[in-house]
Amino acid sequence: MSATYNFCAGPAMLPAAVMQQAQAELLDWNGQGVSVMEVSHRSKEFIALTEQAEADLRELMSIPDNYHVLFMHGGGRGQFAAVVNNFLGNDGRALYLVDGSWSIAAAEEAIKLVGEQNVDVLNIVEKDNNISRVVVPNLSGIEQDYRYLHYCPNETVDGIEIFDELDSPWPIVADMSSNIMSRDIDVSRFGLIYAGAQKNIGPSGLSIVIVKDELLALPQLPQASIMDYRLAVKHDSMYNTPPTFAWYLAAEVFKWLKGKGGIAEMAKLNTQKAQALYQFIDSNDFYETRVAKANRSQMNVTFYLKDESLNEQFITQAKEAGLVALKGHRSVGGMRASIYNAMPIEGVEALVRFMRDFAEKISRS
Ligand SMILES: *Cc1c(COP(=O)(O)O)cnc(C)c1O
């Protein structure tokens, strides 16, 4: 059987080497004769795993000492609520920038919890000739005392990425679910970074939270204890039983990343992969993207066949060629190739080859 390349947006493919490692030690982890799924989260072996995972993540992302790293439940959406409940208190307001469907969903969750009067929503996408572009206004010109500004630097569904760092007078909360560890960022510019694990880290159910110490002093709202950042800090992310298998796999992915030379090396590959795909799409008039060059996501490449009546044929034949999960999100249609860290360059090359062959075959018929 020839290789299958999985372009699913999430849960997404994991590095083959990590999956093989997990398979090899599934029934006997660490020489204990039992699976990592079957041991106490408070055992010294599992604690050692969590300490190594945090140390590796801190090293990979150069996380400063005045930040806590939390491994929590509830994926990305769990954090939509946690951020509000942990930071807004009874009298806080927040600003939500909107550049696609996940940032809208985060704003809607905030409105649900604290009401419209406490949540300002600012659209930052302009559409020109069907091409989307991010335009961030001068935030210092806004006279409001927000507890935080929330934004999503990579919109997974829309394929829109914001590469420029924001200049914000308020602490920045960033939903990096789909681009965390895809390139170097300066953590010290953020108040809080969160990411559901299932795009670029590991299996679903786990979320990573990186939070600046001083934000934990903000007034809270009443909330479920398992989503309380202060309790998570106090209990080393083990206030209750954490998703241990997901944590273990995430730890293996961090080791794998270190072995690959870290995030800077990964970023080079990611740029190479995205460029190969966008260059091909730009080079012919069979396919098109609808995102301005400056905001084309390196992780989620959204594209369209100019003749959309061929969509189904494209999906079917791609699948036959071992290229799966290319269908775009139902809200935007078209195609989407998610090419996270785990996607090898060979997968992108195979996709470009298929797209070229498909276009040639159609134009000959
Ligand atoms: C997938 C995703 C989410 C939602 O994650 P869940 O774990 O399903 O709640 C939130 N934000 C972004 C940017 C995502 O890509």
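Heavy-atom basis, side chains included; hydrogens, waters and symmetry copies ignored. Atoms within each ligand, like the ligands themselves, are counted from 1 in listed order.
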Show me which atoms of ligand 1 lie under 4.0 Å from any heavy atom of [X].
X	answer
Phe80	10 (C)
Thr156	12 (C), 13 (C), 14 (C), 15 (O)
Gly75	7 (O)

Work out which heavy atom in His68 is nearest to a heavy atom in Arg58; give both atom names and the distance.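 Minimum heavy-atom contact is CA-NH2, 3.9 Å.
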Centroid-to-centroid, Phe314 to Phe354, below 6.0 Å?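 That pair passes the under 6.0 Å test.
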Decide if the gap between the ring center of Phe71 and the ring center of Trp247 is smaller than 6.0 angstrom.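 Yes, ring centres under 6.0 Å apart.
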Please check if any side-chain donor atom of Thr271 sits under 3.5 Å from a side-chain acceptor atom of Gln298, or the reverse.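 The criterion, which ignores hydrogens and geometry beyond distance, is satisfied for Gln298 and Thr271.
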Measuring from non-hydrogen atoms of Gly196 to any atom of ligand 1, is the shortest distance under 4.0 Å?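 Heavy atoms of Gly196 never come under 4.0 Å of ligand 1.
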Taking 4.0 Å as the limit for heavy-atom contacts, which would you say applies to Lys199 with ligand 1: side chain only, backbone only, both, or neither?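 The part of Lys199 near ligand 1 is the side chain, not the backbone.
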Where does Cys152 meet ligand 1, judged by heavy-atom distances below 4.0 Å: at the side chain, the backbone, both, or neither?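 It is the side chain that touches ligand 1; the backbone stays farther off.
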Would you say Gly74 and ligand 1 have an N/O pair spaced under 3.5 Å apart?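 No, since none of the N or O atoms of Gly74 sits under 3.5 Å from an N or O of ligand 1.
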Nearest protein heavy-atom contact for atom 5 (O) of ligand 1: which residue, which atom, what distance?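 Closest protein heavy atom to atom 5 (O) of ligand 1: Gly76 N, 3.5 Å.
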Would you mind checking which non-hydrogen protein atom is closest to atom 11 (N) of ligand 1, with the distance to 0.1 Å?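 For this ligand atom, the closest protein heavy atom is Asp175 OD2, 2.6 Å.
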Are Lys258 and Glu59 within salt-bridge range, i.e. N to O under 4.0 Å?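 Yes, charged N to carboxylate O under 4.0 Å.
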CZ/Arg147 to CG/Asp91 distance, rounded to the nearest 0.5 angstrom?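 Atom-to-atom, Arg147:CZ and Asp91:CG are 4.5 Å apart.
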Cation-pi check, Arg336 to Phe7: give yes when NZ or CZ is under 6.0 Å from the six-membered ring centre and within 45° of the ring axis, no otherwise.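 Judged by the rule (NZ or CZ under 6.0 Å from the ring centre, within 45° of its axis), Arg336 is not positioned above Phe7.
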Of Arg77, Met299, Gln198, which has the heavy atom at the shortest distance from atom 7 (O) of ligand 1?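 Nearest heavy atom to atom 7 (O) of ligand 1 lies in Gln198.
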